Engineer: 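Before I ask anything, here is the structure I am working with.
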Amino acid sequence: MPRLLRPADFAGDAPAVAQALIGAVLLVDGVGGRIVETEAYDREDPASHSHSGPTPRNRAMFGPPGRAYVYRSYGIHWCLNFVCREEGHGAGVLIRAIEPVAGIPVMCERRGLHDLRLLCAGPGRVGQALAIVHDYNGHRLDLKPFEVLASDRHHDVVVGPRIGISKAADVPWRFGLAGSPFLSRRFPASAAIIRA
DNA sequence: CGAACGATTAGCT
DNA sequence: GCTAATCGTTCGA
């Protein structure tokens with residue numbers, strides 16, 4: 001039985017937590033799967049929502065680690081982040097893609113398709129498939145409806161630049177499960193691989 | 001108060 | 001590969 005991640009497990013800096021989350025299982029009301037893609041963001045990072053300090057939108061990022069930061073993207077999608085580091089810092093990990101494992105029929109219904117590869121391949125798609133709502137903003141990740149189960153196997157992790165940002169576009173803070181078909185996009189051929 | 005801009009996605013060429 | 005859709009947040013006047 002995998003270990004349930006608790007707030008202390010999110011106390012590391014954003015890139016370290018983002019890498020450690022690859023292979024972990026994320027469930028929301030028992031629906032979800034294996035995390036195969038994440039991105040790290042930090043206060044000292046021009047691409048981060050937290051870069052200019054606390055605002056009404058990003059306040060959860062400055063709260064205690066081990067909680068959710070949920071924001072609306074492009075006025076359309078709900079995206080899920082895990083707050084990390086320490087309270088007041090403003091660091092987080094964006095959940096960009098998961099491999100569907102539990103509650104697949106429910107996720108297909110929510111997404112209106114049956115292609116497993118596209119079910120949760122992107123932060124907006126993850127939000128829709130797991131029914132992420134703004135009410136979850138600031139919610140603890142070790143309490144209902146969330147469950148985050150530690151990765152129990154070692155695997156290779158790909159590292160590359162983050163997607164969809166204009167500032168700090170060269171910072172390699174995107175992490176992926178090497179070879180996974182459930183990524184939101186392929187990593188550049190030049191992307192480094194960390195053997196874990 | 002106005003305006004630009006997204007941590008995106010679906011659909012079409 | 002390219003673009004429209006869509007609207008809350010943020011920042012400058």
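Residue numbers start from 1 in every chain, and the chains themselves are labelled A, B, ... in the order their sequence lines are given, proteins ahead of strands. A quick note: this is a predicted structure, and the numbers were derived from the prediction, not measured.
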Engineer: Going by 5.5 Å between centroids and 30° between planes, is there a stack of A:Y71 over B:dA7?
Structural biologist: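 Stacking is absent between B:dA7 and A:Y71, given that the ring centres and planes do not meet under 5.5 Å and under 30°.
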Engineer: Of all heavy-atom pairs between A:C84 and A:V93, which one has the smallest distance, and what is that distance?
Structural biologist: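 Looking at all heavy atoms of both residues, the closest pair is SG-CG2, 4.2 Å.
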Engineer: Give every donor-acceptor pair under 3.5 Å between a side-chain atom in residues 5-28 of chain A and any protein atom, sequence neighbours left out.
Structural biologist:
| unit_1 | atom_1 | unit_2 | atom_2 | d |
| --- | --- | --- | --- | --- |
| A:R6 | NH1 | A:D142 | OD2 | 2.2 |
| A:D9 | OD1 | A:R3 | NH1 | 3.2 |
| A:D9 | OD1 | A:R3 | NH2 | 3.4 |
| A:D9 | OD2 | A:R3 | NH1 | 3.2 |
| A:D9 | OD2 | A:R6 | N | 2.7 |
| A:D13 | OD1 | A:A16 | N | 3.2 |

Engineer: Atom CD1 in A:I76, atom CZ in A:R72: separation rounded to 0.5 Å?
Structural biologist: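 One gets 8.5 Å once the value is rounded to the nearest 0.5 Å.
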Engineer: Would you give the length of the straight line joining atom CG of A:L141 to atom CG of A:N81, rounded to the nearest 0.5 angstrom?
Structural biologist: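 One finds 10.0 Å between CG of A:L141 and CG of A:N81.
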Engineer: Find the distance between CD1 (A:I98) and CG (A:L183) and round it off to the nearest 0.5 Å.
Structural biologist: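 Here the rounded value is 12.5 Å.
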Engineer: Quick one: stems involving DNA chain B, counted as three or more successive Watson-Crick or G-U pairs, both distances short of 3.5 Å.
Structural biologist: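 Stems (3+ consecutive pairs) listed as B:1-6 with C:7-12, B:8-12 with C:1-5.
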Engineer: Which parts of residues 11-25 of chain A get close to DNA chain C, meaning a heavy atom less than 4.0 angstrom away?
Structural biologist: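 Nucleic-acid contacts, sorted: none.
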Engineer: For a quick test of reading the model, state the closest non-hydrogen atom pair linking A:A97 to A:F182 and the distance between them.
Structural biologist: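 Minimum heavy-atom contact is CB-O, 3.5 Å.
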Engineer: About how many Å separate CG of A:L130 and SG of A:C120, when rounded to the nearest 0.5 Å?
Structural biologist: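 Rounded to the nearest 0.5 Å, the SG-CG separation comes out at 5.5 Å.
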Engineer: In this structure, how many angstroms lie between the C1' atom of C:dT9 and the NE2 atom of A:H134, rounded?
Structural biologist: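 One finds 11 Å between C1' of C:dT9 and NE2 of A:H134, rounded.
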Engineer: Can you tell me if the side-chain N/O atoms of A:R96 get under 4.0 Å from OP1 or OP2 in B:dT8?
Structural biologist: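 Yes, because at least one side-chain N or O of A:R96 sits under 4.0 Å from OP1 or OP2 of B:dT8.
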Engineer: Hey, are A:D42 and A:H89 close enough side-chain-wise for a donor-acceptor pair under 3.5 Å?
Structural biologist: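 Yes, A:D42 and A:H89 have a side-chain donor paired with an acceptor closer than 3.5 Å.
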Engineer: Between B:dT8 atom C1' and A:E39 atom CD, what is the distance in whole Å?
Structural biologist: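 A:E39 atom CD is separated from B:dT8 atom C1' by 12 Å.
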Engineer: For A:V126 and A:W78, what are the C-alpha separation, side-chain angles and deciding distance, and is it a side-chain contact (heavy atoms from CB on, under 4.5 Å)?
Structural biologist: CA-CA 9 Å; A:V126 168; A:W78 292 109; over 6 Å; no
Engineer: For a quick check under 3.5 Å, do A:S50 and A:R43 share a side-chain donor-acceptor pair by atom type?
Structural biologist: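 No - no donor-acceptor pair under 3.5 Å links their side chains.
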Engineer: Would you mind reading off the distance between A:Y41 atom OH and B:dG6 atom P, rounded to a whole angstrom?
Structural biologist: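 From A:Y41 OH to B:dG6 P: 12 Å.
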Engineer: Let me have the donor-acceptor pairs involving side chains of residues 103-118 of chain A, under 3.5 Å, with sequence neighbours excluded, atom names and distances please.
Structural biologist:
| unit_1 | atom_1 | unit_2 | atom_2 | d |
| --- | --- | --- | --- | --- |
| A:R110 | NH1 | A:A129 | O | 2.7 |
| A:R111 | NE | A:L119 | O | 2.8 |
| A:R111 | NH1 | A:Q128 | OE1 | 2.8 |
| A:R111 | NH2 | A:L118 | O | 3.0 |
| A:D115 | OD1 | A:R117 | N | 2.9 |

Engineer: Name every residue in residues 107-120 of chain A that has at least one heavy atom under 4.0 Å from any atom of DNA chain B, in order of residue number, or write none if there are no such residues.
Structural biologist: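 Nucleic-acid contacts, sorted: A:R111.
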Engineer: With sequence neighbours excluded, tell me which residues meet salt bridge (charged side-chain N to carboxylate O under 4.0 Å, His left out) with A:R174.
Structural biologist: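 So A:R174 forms a salt bridge (charged side-chain N to carboxylate O under 4.0 Å, His left out) with A:E37.
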Engineer: What verdict does the side-chain contact (heavy atoms from CB on, under 4.5 Å) test give for A:Y71 and A:L94, after you've listed the backbone C-alpha separation in whole Å, the side-chain angles of each residue and the deciding distance to 0.1 Å?
Structural biologist: CA-CA 10 Å; A:Y71 74 93; A:L94 173 66; 4.2 Å; yes
Engineer: Any heavy-atom pair between the side chains of A:Y136 and A:H134 that's under 4.5 Å?
Structural biologist: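 Sidechains of A:Y136 and A:H134: no contact.
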Engineer: What's the NE2-C1' distance between A:H51 and B:dG6, to the nearest Å?
Structural biologist: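 Rounding to the nearest Å, NE2 of A:H51 and C1' of B:dG6 are 16 Å apart.
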Engineer: Can you tabulate the close N/O pairs, meaning under 3.5 Å, that link protein atoms to atoms of nucleotides 10-13 of chain C?
Structural biologist:
| unit_1 | atom_1 | unit_2 | atom_2 | d |
| --- | --- | --- | --- | --- |
| C:dT10 | OP1 | A:T55 | OG1 | 2.3 |

Engineer: N/O contacts under 3.5 Å, protein versus nucleotides 4-6 of chain C?
Structural biologist:
| unit_1 | atom_1 | unit_2 | atom_2 | d |
| --- | --- | --- | --- | --- |
| C:dT6 | O2 | A:Y74 | O | 2.9 |

Engineer: So, do A:V159 and A:I194 sit near enough that their side-chain heavy atoms are less than 4.5 Å apart?
Structural biologist: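 When only atoms from C-beta onward are counted, A:I194 and A:V159 do touch, with a gap below 4.5 Å.
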Engineer: Short of 4.0 Å, heavy atom to strand atom, which residues of residues 124-131 of chain A count as contacting DNA chain B?
Structural biologist: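 Contacting residues: A:G124, A:R125.
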Engineer: In residues 158-172 of chain A, which ones come under 4.0 Å of DNA chain B, going by heavy atoms?
Structural biologist: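 Going residue by residue through residues 158-172 of chain A, the ones with a heavy atom under 4.0 Å of DNA chain B turn out to be A:I163, A:G164, A:I165, A:S166.
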Engineer: Just by distance, with hydrogens left out, do A:Y69 and A:H49 show a side-chain donor and acceptor under 3.5 Å apart?
Structural biologist: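 There is such a pair between these side chains.
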Engineer: From A:L80 CG over to A:I132 CD1, what is the distance, rounded to the nearest 0.5 angstrom?
Structural biologist: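 Answer for the CG-CD1 pair, A:L80 versus A:I132, is 4.5 Å.
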Engineer: With a 4.5 Å cut-off on side-chain heavy-atom distances among I, L, V, M, F, W and Y, is there a chain of contacts connecting A:F187 to A:I95?
Structural biologist: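 Per the 4.5 Å side-chain linkage, A:F187 and A:I95 are co-clustered.
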Engineer: Under the salt bridge (charged side-chain N to carboxylate O under 4.0 Å, His left out) test, which residues partner A:R153, sequence neighbours left out?
Structural biologist: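 Checked A:R153 against salt bridge (charged side-chain N to carboxylate O under 4.0 Å, His left out); zero matches.
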Engineer: Please round to the nearest 0.5 Å and tell me the distance separating atom SG of A:C79 and atom CZ of A:R125.
Structural biologist: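 CZ of A:R125 is found 11.5 Å from SG of A:C79.
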Engineer: Using the test salt bridge (charged side-chain N to carboxylate O under 4.0 Å, His left out), find all partners of A:R162 that sit at least two apart in sequence or belong to another chain.
Structural biologist: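 A:R162 satisfies salt bridge (charged side-chain N to carboxylate O under 4.0 Å, His left out) with A:D45 once adjacent residues are dropped.
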